[in-house]
There are 2 protein chains.
Amino acid sequence: MKKSAIRVLQSLQQAGGFASAQEVHQLITGKGDRIGLTTIYRALQSLQEEKLVDVLRREDGEAIYRLCGEAHHHHLVCKKCGRTVEIYGGAIEKWADAVADEYSFREVEHSADLFGTCSQC
Amino acid sequence: MKKSAIRVLQSLQQAGGFASAQEVHQLITGKGDRIGLTTIYRALQSLQEEKLVDVLRREDGEAIYRLCGEAHHHHLVCKKCGRTVEIYGGAIEKWADAVADEYSFREVEHSADLFGTCSQC
DNA sequence: ATGAAAACGACAATCATTTTCATTTCTGGT
DNA sequence: ACCAGAAATGAAAATGATTGTCGTTTTCAT
Ligand SMILES: [Zn+2]
Ligand SMILES: [Zn+2]
Ligand SMILES: [Zn+2]
Ligand SMILES: [Zn+2]
């Protein structure tokens, strides 16, 4: 693991939720530590490939990242305040398997996200 | 309704599914009709406010639009050859509603896509 | 110590989207 | 038809996130 990736992971941990690349950069440089924005982007990309961070999009299209447990799950995200619920298990897993089976696809992965308005917004 | 908005609606209808602003522009200018990209963006924004089009984001963040009321469906995509199956209905719709209900989210939309290897690859 | 390979970061490039602003088209009253 | 003001248009510039380039620095095994 690259040390820049570790620094990014730590700042994401500190952020506690979703943060954009620029916000991660500010979190690190705000402490006096020095790191380039380019390195942040590269670290986030690696972490994404290693499935250590989740990626979503704000409404304006900006990518936001956060630490992610290794267990497979889905997200229910409030469009307004960003509150996020992680959804584990459920009928979607069976549905995905059933669809893959019906069309004879193998090694099928899936992504699914729900976006709405939470009860407090 | 502005006439530019109508032209955009028609090309979205012709597209049959999701299309980006640039794709809409190409659909119109490709026929010899002339319209500015700026106008496309403005028309899509109005149509979005009037709730006549839905907007989603591609993985790279680009906004894609489709007619509201266009039949909702999901995709099963072969990672190797690109073959795509459209999936209508199924357990995922109930799952999404159930999850939204469980967490008291309102106006919940969802996206879900399956990626695997088709029987011919 | 030395050289190769990986990581780094300043800067430029790219690309979608927005803003600006001058020009064109529409509209209503005369 | 004529004309002024309003609305719409679109070319070009601005913006902002993300990616590419490339020279420099760090790491690491020999
Ligand atoms: Zn909320
Ligand atoms: Zn799942
Ligand atoms: Zn295939
Ligand atoms: Zn669905």
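Picking from C/dT17, D/dG10, C/dT18 the nucleotide with the shortest atom distance to the side chain of B/Gln45 gives C/dT18. The nucleotide whose nearest atom lies closest to any side-chain atom of B/Thr38 is, among D/dG20, D/dA11, C/dA16, D/dA11.
A/Arg34 is not listed as a side-chain neighbour of A/Thr29, based on a closest heavy-atom distance of 4.5 Å or more.
Going from atom CG of A/Leu37 over to atom P of C/dA13 covers 18 Å, rounded to whole Å. Distance A/Ile28 CD1 to C/dC8 C1': 13 Å, rounded to the nearest Å. Residue A/Ile64 contributes atom CD1, which lies 10 Å from atom P of D/dT18 at whole-angstrom precision. Going from atom CD of B/Glu62 over to atom C1' of D/dA17 covers 14 Å, rounded to whole Å. The CZ atom of B/Arg58 sits 13 Å away from the C1' atom of C/dC15 (whole-angstrom rounding). Between the CZ atom of A/Arg34 and the P atom of D/dT26 there is a distance of 11 Å, rounded to whole Å. With rounding to whole Å, A/Leu44 atom CG is found 13 Å from D/dA17 atom C1'. Taking atom CD of A/Glu59 as the reference point, atom C1' of C/dA16 lies 17 Å away to the nearest angstrom.
Atom CE of residue B/Met1 and atom CG of residue B/Leu9 lie 5.5 Å apart, to the nearest 0.5 angstrom.
The stretch residues 1-25 of chain A comes close to DNA chain C through A/Lys2, A/Lys3, A/Ser4, each having a heavy atom under 4.0 Å from the strand.
At distances below 3.5 Å, at least one donor-acceptor pair connects side-chain atoms of A/Arg57 with backbone N or O atoms of B/Glu59.
The side chain of A/Thr39 places an N or O atom within less than 4.0 Å of a non-bridging phosphate oxygen (OP1 or OP2) of C/dG9. A close approach under 4.0 Å does not occur between any side-chain nitrogen or oxygen of A/Tyr41 and OP1 or OP2 of D/dT19.
Clustering ILVMFWY residues whenever any of their side-chain heavy atoms sit less than 4.5 angstrom apart, transitively, puts A/Leu52 in a cluster other than the one holding A/Ile64. No chain of hydrophobic side-chain contacts below 4.5 Å, direct or via other Ile, Leu, Val, Met, Phe, Trp or Tyr residues, connects A/Phe115 to B/Tyr65.
Contact annotation: side chain of A/Arg42 to base of C/dG9, donor-acceptor pair present below 3.5 Å.
Summarising the local packing, CD of B/Glu86 is surrounded by more than 12 heavy atoms from other residues, nucleotides or ligands at distances under 6.0 Å.
A search for side-chain hydrogen bond (donor to acceptor under 3.5 Å, both in side chains) contacts involving A/His75 returns A/Asp54, A/Arg66, A/His73, not counting sequence neighbours.
In this structure, C/dG29 and D/dC2 make a Watson-Crick or G-U wobble pair, each of the two defining distances being under 3.5 angstrom.
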